[in-house]
Amino acid sequence: MNTQKKMTVQPNLLKALNKTAIKRVLLHNKVATRVEISAMTGISQPTVNAIMSELVADREVIEKGLAGSQGGRKAAVYELNQEYAHAVILMIRQSQLWYRVIDLASEKCEEQIRPVSDGQDLLQTIAEVVTGMQASYQNVQALVIGVPGSVDREGTVYAIPDIPEFEEFPLGKKLSSMLTIPVKIMNDMKATALGCVSRNRPESSNMVYLHVGNGLGAGLITDSQLLSGVSGFAGEIGFMQLGMDEYMLNQTFKGLLDQTGYDQITRITANIISMLNPSLVVIGGSCAEKKLGKYIEADCRTRFPKKMIPQIEICEEAEKYYIRGLSRTAMELCSSDVRLA
């Protein structure tokens, strides 16, 4: 009986995995032929043909035209039907909820800011926002939320002083039980780091996003993937100790850096470089300024071999990358046919 159960479950799971792989190729490459999809996924041509026919019949994928040819029959080019599904991305801030509805091309369909008052039930408000979007937009398939705190793999939030009611709160599980779609809770710095990753910039595949402002935080990228750690705590540099009396958790610069602040951020950066050896360090936040970048570069030249010094960049559009990271995660959820409990 167990053997029979495996025989019936495994083919369905394999099909779902193959469908996910095919849709993600189209998500990341925008357009592709069936032959290209087979080459990029390693899925056999007959299997690609069968799944693509099903996706086209369901209108998840549409034919875009014909590819160029060097002789012989031209191949059809396919893309995801961006109007087939939508997702909601949401940022929780101290006094407001920002949210946006996006389609499968990450294009904005709607964007709003809702003020949050003291004593307001944030959980219920978020559920109401998403339920309203489900009523207004076709096939809302995912919700991704960014929070200014640490998040474990189960979606429980920690170290979130700006929103104390969410401290050690299982936000992901609570929302998943209230809604009918996959829910992902993300640390804001990790989402920003993910938004910085670009196929057109190979150096971003191994990088660090360092946030310096009213708080400290970092997002770590290795091989184009977020480094989260066993409990999702990687990058929480506010807990870093630079010396016996230099505990960084309560350090806030409020948009200003004195010489001590410059030295602290520089030492933090040097420690991260020593541990991760990134190609790129991106610095954002209210204290991110070119002078800080130059200061860190000069310090790196005194500490590291020239070949090991990463590119240092100042980011003046951190929120744009934050939104991009949330959107990218939402699209990954929408393109997945595998739902694991």
Scan side-chain atoms only and decide if Y295 and Q259 contain a donor-acceptor pair under the 3.5 Å cut-off.
yes
Does the ring center of Y209 lie less than 6.0 Å from the ring center of Y321?
no
Any side-chain donor paired with an acceptor under 3.5 Å for Y137 and E110?
yes
For the hydrophobic clusters of this structure (ILVMFWY residues joined by side-chain heavy atoms under 4.5 Å, transitively), does one cluster hold both L97 and I323?
no
Under a 3.5 Å distance rule, please check whether R153 uses its side chain to pair with a backbone N or O of V230 as donor and acceptor.
yes
Before giving the answer on salt bridge (charged side-chain N to carboxylate O under 4.0 Å, His left out), spell out for E313 and R201 the whole-Å C-alpha distance, their side-chain angles and the decisive distance to 0.1 Å.
CA-CA 13 Å; E313 288 187 2; R201 299 195 65 194; 2.5 Å; yes
Polar side-chain atom of D103 near backbone of A105 as donor-acceptor pair, under 3.5 Å
yes
Does R267 come within less than 4.0 Å of D263, counting only side-chain N to carboxylate O?
no
T266-T269 side chain donor-acceptor pair, cut-off 3.5 Å:
no
V144, L104: one ILVMFWY side-chain cluster at the under-4.5 Å cut-off?
yes
Do L27 and V77 share a hydrophobic cluster (ILVMFWY, side-chain heavy atoms under 4.5 Å, transitive)?
no
Salt bridge between K290 and E316, side-chain N to carboxylate O under 4.0 Å?
no
Could you verify whether a donor N or O on one side chain and an acceptor N or O on the other, from Y99 and Q112, lie under 3.5 Å apart?
yes
So does G146 get a backbone contact from the side chain of K184, meaning a donor-acceptor N/O pair under 3.5 Å?
no
Going hydrophobic residue to hydrophobic residue with side-chain gaps under 4.5 angstrom, can you get from I145 over to M91?
no
Are V140 and W98 grouped together when hydrophobic residues (ILVMFWY) are joined by side-chain heavy atoms under 4.5 angstrom apart?
no
Is it the case that more than 12 heavy atoms not belonging to K320 sit under 6.0 Å from its NZ atom?
yes
Any donor-acceptor N or O pair under 3.5 Å, side chains Q120, T125:
yes
Give the C-alpha distance, both sets of side-chain angles, the deciding distance and a yes or no for salt bridge (charged side-chain N to carboxylate O under 4.0 Å, His left out) between R24 and E332.
CA-CA 7 Å; R24 288 189 174 175; E332 293 284 346; 2.9 Å; yes
